[in-house]
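Written below as structure tokens is the structure these notes are about.
Computed from a prediction, not measured in an experiment: that's the story for all the values here. Convention: sequence-line order gives letters A, B, ...; per-chain numbering from 1.
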Amino acid sequence: MVYQWWTTVVQAFALFIAIYMVIIILFYSIILFISMLQLRKEYKLNREDTFEDISNEWYTKPVSIIVPAYNEEAGIIPSVRSLLSIDYPQFEIIVVNDGSKDNTLQKMLEHYEMVKIEKVVRKQIVTKPIKGIYQSKLLPKLYLIDKENGGKADALNVGLNFSHFPYICSLDGDSVLERDAFLKVMKPIMDSSEEVIASSGSIRIANGCTIKNGQVLNIGLTHHPLVIMQIIEYLRAFLMGRIGLSRHNLLLIISGAFGVFSKKWVLKAGGYQTDTVGEDMELVIRIHRLIKESKEKKKIVYVPDPVCWTEVPEEMKFLRRQRRRWHRGLFESLWNHRKLTFNPKYGNIGLISFPYFWIIEFMGPVVEGLGYVYTLIALFFGGIYLEFAILIFLLSCIYGSIFSMAAVLLEEWSLRKYPKVSHIIYLFFYSLTETFWYRPLTVFWRCEGIWQLIRGDKSWGEMSRKGVSK
Amino acid sequence: MEQEIKLLQIVSIILFVILLCLLTYLIIRKTVENKQYKKIKERKKQLIGPVFEYFRDGKKIMKKINQTKVERQAMERVLSEFSERIEGEEEEQRLHELAVFYLKDKYVKEIKSRNWSKRMNVLYKIEDFHMQEMERNVISRLHNRNCTSDEKIQIYRILAAFQYEKLWSIINQDEMLSEKNYRSILLRVKTAMFEQFIQSFYYCREELQLAILDVISMKKKIEYLVFLENVFEKYDGEIKLKALKAISSIGYVRNIEDYLYLAKSKVWQERMMIAKLLGTNRDNYIPLLIKLLHDSSWWVRSQAAESIMNFKKGRDILLEIVKHSKDKFAQDMAREWLNKGDN
């Protein structure tokens, strides 16, 4: 009797996992299909030609670039240098020193000969107090704001208060932009006569590339397994996920590493929220809400092209912290706006985006974790369960690889950043191994994130940019 | 369970085969593409010399080139690079000759391609190489049912660059076009044709009217001052504002007294424009500018400060404000413009 009771449970469990898998596969297949259509349409379009017109455009919208910096003495100078050389008619750079404990401030002051200026900043959003405002004597469009520590979101808000231009871009202190990235990311905003109010671009991984003076000289692939897996992950996330979602205005994430927003809308939304670890996603959701609530026809888009190169963690320790934090940020954003879930008033955002993020992105690791547990249990049962488990495992390995390779294909259709045939073969073999080590790891870390949530842990981990929460 | 396992097995095998196909496709694709890219690059290197000589002294090179796909692509790229650099009518004429000789057949075919991006690329090239010979093909593409809006806009730009005589009537009819689209079309139009647009200003769609005013203010065409002042007088709302903007960018009016009332306008843009106009006038309106420096709008303050700096005693006036004004924002703006002078 007892044996039979167990078999039913195990079978039901297997069925549940199988159904979940089918749903995920279907969803991703649809998204993949949409992305393919989109990229295929623009296949081999000579993009330089289409940008010519904007760069000559007298009316190009000026952008304020905000760079929050906390203990970035190592990277801040090259990073600002790369920004200074971007190809855009009018912009200003606002570095916000968020109470760094190292020499970030001194380095900037010396290197760019910055002098203190007197300036009244209109406080449109409440922030931690500003200690001083500096302007470079060499380059008048470069500003530095020194403020008390208050976290990344607070630093961004200070930059927002100070900025002079109608569009703002938040940029991490450790990323490098391609020279024409701004022209490309601003194109949809200008083309749509401001119907598009936020736009973001592709983020690629800089580890393994040669970067000098803020320019990417040579694109390579590292031999670091963790980094290669992240490259595959980024390709999938950006080329498959975001193009598909953006096509139907379902985008809930504009990466904090590189995105442009209309300042008017950010201010309307109340700026960045300081008590969450996922301030970038939170802001996008809030803007979506505002759009729907004010019934305006505005859009948030993703452009596959503009490339921002960023460094990703090479060590388990840091990757683990990053993933736990991301997962908590995801939850906080969804939970704060839980009202939208399945709410027809919010259109597709409520009916598709939110359920997708809850069920697939947030609950995914839990179900996947259970799947791994199931495989382990099946090992003990042996026989037919083992066969079933192995098949499921194999299947998930193959479909994972198919999606990874499809993402590589999309990359080949659009940006073609990886020049060698060997790169493709590398990416293929690594993607085959994903299910055996990388996937379980990230699943575990994300589940840990959920556990931290339950325990009420709010830390940022090592790279702590969070000050005292309100 | 047996059956499910069988099904799973089949699905796994199918997916695995798909995966292998995908991989093979990717590898073959990359190899072929890399090879072709290399070939084109090499051929390009060989072509640059002769093409350059042709530009310099018109020496014929045409015989030396076979009409293959790689050749044509290499030629296309070489010509594109030259087209960005060359100036002067003779050189442009030669560029145009080469493009017609080597690429026209290709373009005639590709402009009808089913592939959207191919068509777009051709349209951009037609403009770059001034291929007026293609005008007929371009127009027939415009009347095709499948012509997308991006294509249409580019076609209008081409026709504008070719000074196509019926341009006004076709673009004025197209209700899909925005102000920005019109602007980019009008920027390619020469004076004689622009005159046509001015004359039919009254019959233009509002978007087109705004674009016309914009182009005047971008190019600072002083010959249209009377026209602008008329528009400013007769129209309302955005058009009035745009006309004022154009007037202030020209920086000169026949009688400034007619505009002084704008300093008290409720619309900040109008106050900003008057601040700008006053900057190019005689200095007896400085007190009014100082008043505008204490405006509630950042833009008006900034413009007022800039205008004050235009005058000889501007620095002293701003210094005075930094020292004695009670308005923090005015002080701040004055300081900012004083600092700007240092850089």
Side-chain angles (χ1 to χ4, degrees), chain A residues 11 14-15 18 40-46 48-50 52-54 56-59 115 117-122 135-140 164 190-193 384-385 387-388 391-392 394-395 397-399 401-402 404-406 408-409 412 416 418-421 423-425 427-428 431-432, chain B residues 1-2 4-5 7-9 11-16 18-19 22-23 25-31 33-34 37 80 84 115-118 120-121 123-125 127-128 148 150 153-154 157 178-181 183-184 187 214-215 217-218 298 302 322 328-329 331-333 335-336 339-340 342-343:
Chain A
Q11 271 185 7
L15 191 69
R40 193 67 210 181
K41 187 190 160 201
E42 289 169 9
Y43 177 56
K44 285 204 171 160
L45 177 67
N46 197 344
E48 273 75 47
D49 283 334
T50 59
E52 233 166 60
D53 228 66
I54 315 183
N56 295 331
E57 177 104 38
W58 189 62
Y59 272 76
V115 285
I117 52 169
E118 296 296 324
K119 215 161 180 18
V120 195
V121 176
R122 209 172 132 207
Q135 186 178 22
S136 168
K137 269 172 89 175
L138 309 168
L139 309 143
H164 302 103
M190 289 190 264
D191 277 353
S192 69
S193 310
I384 199 162
Y385 299 107
E387 227 174 292
F388 186 74
L391 267 175
I392 291 262
L394 202 66
L395 201 64
C397 166
I398 295 171
Y399 94 72
S401 309
I402 287 188
S404 305
M405 283 297 107
V408 174
L409 176 69
E412 283 298 303
R416 288 193 288 272
Y418 295 97
K420 288 187 192 158
V421 176
H423 290 157
I424 292 179
I425 298 173
L427 292 176
F428 173 71
S431 76
L432 274 182
Chain B
M1 202 85 177
E2 292 279 343
E4 280 123 331
I5 285 182
L7 185 76
L8 279 180
Q9 276 172 342
V11 173
S12 303
I13 291 167
I14 294 174
L15 286 181
F16 193 67
I18 294 179
L19 180 61
L22 195 58
L23 178 70
Y25 170 70
L26 278 173
I27 291 176
I28 292 175
R29 219 188 103 87
K30 191 95 211 176
T31 321
E33 222 166 57
N34 279 354
Y37 178 73
S80 297
E84 280 163 25
N115 196 325
W116 177 81
S117 44
K118 247 188 200 163
M120 280 311 279
N121 287 343
L123 288 175
Y124 281 113
K125 289 286 169 269
E127 194 192 348
D128 287 350
T148 63
D150 290 317
I153 293 167
Q154 181 54 25
R157 287 184 191 140
S178 68
E179 184 193 335
K180 178 182 167 297
N181 299 145
R183 201 163 54 220
S184 77
L187 280 175
D214 254 348
V215 170
S217 84
M218 284 162 82
W298 185 90
S302 177
V322 171
K328 255 183 127 184
F329 288 100
Q331 274 182 331
D332 194 39
M333 187 57 75
R335 209 179 288 127
E336 195 178 320
N339 284 342
K340 257 186 205 174
D342 293 341
N343 288 313

Got a donor-acceptor contact below 3.5 angstrom from the B:N34 side chain to the A:P419 backbone? yes
Where on A:L15 is there a heavy atom nearer than 4.5 Å to chain B: the side chain, the backbone, both, or neither? neither
So do the side chains of B:K118 and A:L45 get within less than 4.5 Å of each other, counting heavy atoms only? no
For A:K44, salt bridge (Lys or Arg N to Asp or Glu O under 4.0 Å) partners two or more places apart: B:E33
Contact check, side chains of A:E42 and B:W116, non-hydrogen atoms, under 4.5 Å: yes
Side chain proximity check, B:Y25 to A:L409, heavy atoms < 4.5 angstrom: yes
Pick from A:S404, A:S401, A:S431, A:C397: which one makes a side-chain contact (heavy atoms from CB on, under 4.5 Å) with B:L19? A:S401
Nearest heavy-atom approach of B:R29 to A:E412 is NH2-O, 3.4 Å
A:I425, part contacting chain B, at a heavy-atom distance under 4.5 Å: side chain
Minimum heavy-atom distance between B:L15 and A:Y399, given as atom pair plus value: CD1-CB, 4.3 Å
Residue from B:Q331, B:R335, B:K328 scoring the most non-hydrogen pairs under 4.5 Å with chain A is B:R335
Find the distance between CE (A:M405) and CG (B:L22) and round it off to the nearest 0.5 Å. 7.5 Å
How long is the straight-line distance from CE of B:M120 back to NZ of A:K41, given to the nearest 0.5 Å? 9.0 Å
Can you establish whether the number of heavy atoms outside A:Y43 located under 6.0 Å from its atom OH is more than 12? yes
Contact part of B:L23 toward chain A, heavy-atom cut-off under 4.5 Å: side chain, backbone, both or neither? side chain
B:T31, B:I18, B:L26, B:V11: which one forms the most heavy-atom pairs within less than 4.5 Å of chain A? B:L26
Is there a donor-acceptor pair closer than 3.5 Å between any side-chain N or O of B:S12 and the backbone N or O of A:L395? no
So for A:I402, is it side chain, backbone, both, or neither that comes closer than 4.5 Å to the heavy atoms of chain B? both
